[in-house]
Amino acid sequence: MRPPFVLSGLLALILAGHALTAGAKDAPAPAAPATAPAPSPTCDIVALRLEDVIAKSAELQRSANAQTVRDLRTLRDAAVVLDAYKHPEVCAQVLAVLRGLAANPERAIDQSGDTDEEKAEAVEKARTPKAPEKSPEKAPEIKAK
């Protein structure tokens with residue numbers, strides 16, 4: 001049984017978060033374009049053709065490796081987000097990792113799990129969105145009819 005936490009998914013989240021916070025204060029936000037921006041030449045996500053790689057790999061087709069496939073897709077999605085937020089260098093780094101994992105699915109499957117359950121629980125807890133707590137004295141009162 002695979003643990004719920006997988007290192008490659010965490011890597012994608014860390015890289016995306018770092019890139020977004022590092023560049024947020026560096027440049028002013030450009031005006032929104034009328035059409036969808038074209039992918040940057042350094043971060044060509046489409047050329048990766050991840051879904052074709054997954055479809056052709058018998059190893060990745062096994063149900064036991066579903067988490068690895070989800071991790072590959074998570075890395076691809078992180079690359080899309082990084083490219084959209086104008087971080088082509090970091091996007092290219094994520095794509096390099098993704099290409100390496102997709103080129104050798106057996107290695108990706110072997111190294112994908114992190115067995116530290118406390119670490120996995122902490123990551124799962126951090127992923128859960130937190131709603132602000134409402135204090136009882138600030139909540140509107142409901143009158144009984």
Side-chain angles (χ1 to χ4, degrees), residues 1-140:
M1 180 173 178
R2 287 216 171 306
F5 170 70
V6 179
L7 185 58
S8 59
L10 178 63
L11 175 64
L13 292 173
I14 290 171
L15 288 173
H18 173 70
L20 293 176
T21 57
K25 60 184 176 276
D26 296 342
T35 61
S40 67
T42 59
C43 190
D44 191 5
I45 301 155
V46 176
L48 180 64
R49 305 186 66 79
L50 180 63
E51 293 304 320
D52 291 341
V53 171
I54 292 169
K56 291 177 184 176
S57 172
E59 191 73 20
L60 291 174
Q61 293 296 316
R62 294 187 185 146
S63 62
N65 300 325
Q67 182 63 51
T68 300
V69 171
R70 282 191 295 272
D71 292 341
L72 293 173
R73 288 178 176 144
T74 298
L75 284 169
R76 180 202 47 210
D77 294 346
V80 169
V81 170
L82 288 166
D83 190 46
Y85 282 100
K86 308 286 187 235
H87 293 282
E89 305 84 23
V90 183
C91 176
Q93 289 175 338
V94 171
L95 280 183
V97 170
L98 187 52
R99 281 189 188 98
L101 294 172
N104 192 350
E106 291 84 17
R107 180 173 173 227
I109 291 164
D110 289 344
Q111 70 184 26
S112 67
D114 186 336
T115 58
D116 187 348
E117 290 183 23
E118 289 179 14
K119 189 179 190 182
E121 289 171 6
V123 169
E124 284 300 315
K125 186 176 179 182
R127 283 184 180 167
T128 306
K130 307 288 188 274
E133 293 185 25
K134 295 180 182 178
S135 61
E137 60 270 358
K138 292 184 179 179

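Here, residue 1 is the first one in the sequence, and each next residue gets the next number. This one's a predicted model, so the numbers in the text were calculated from it and none came from an experiment.
Side-chain atoms of I45 and C91, non-hydrogen and from C-beta on, do get closer than 4.5 Å to each other.
In this structure, CG in N65 is found 5.5 Å from CD in E59, a value given to the nearest 0.5 Å. To the nearest 0.5 angstrom, K86 atom NZ is 11.5 Å from C43 atom SG. Between the CG atom in L98 and the CG atom in D77 there is a gap of 10.0 Å [rounded to 0.5 Å]. Rounding to the nearest 0.5 angstrom, the gap separating the CZ atom in R73 from the CZ atom in R70 is 9.5 Å. Here L95 contributes atom CG and Q93 contributes atom CD; the two are 10.5 Å apart, rounded to the nearest 0.5 Å. Taking CG of L72 as the start and CG of L60 as the end, the distance is 6.5 Å to the nearest 0.5 Å.
By the side-chain hydrogen bond (donor to acceptor under 3.5 Å, both in side chains) test, R99 pairs with no residue at all, sequence neighbours left out.
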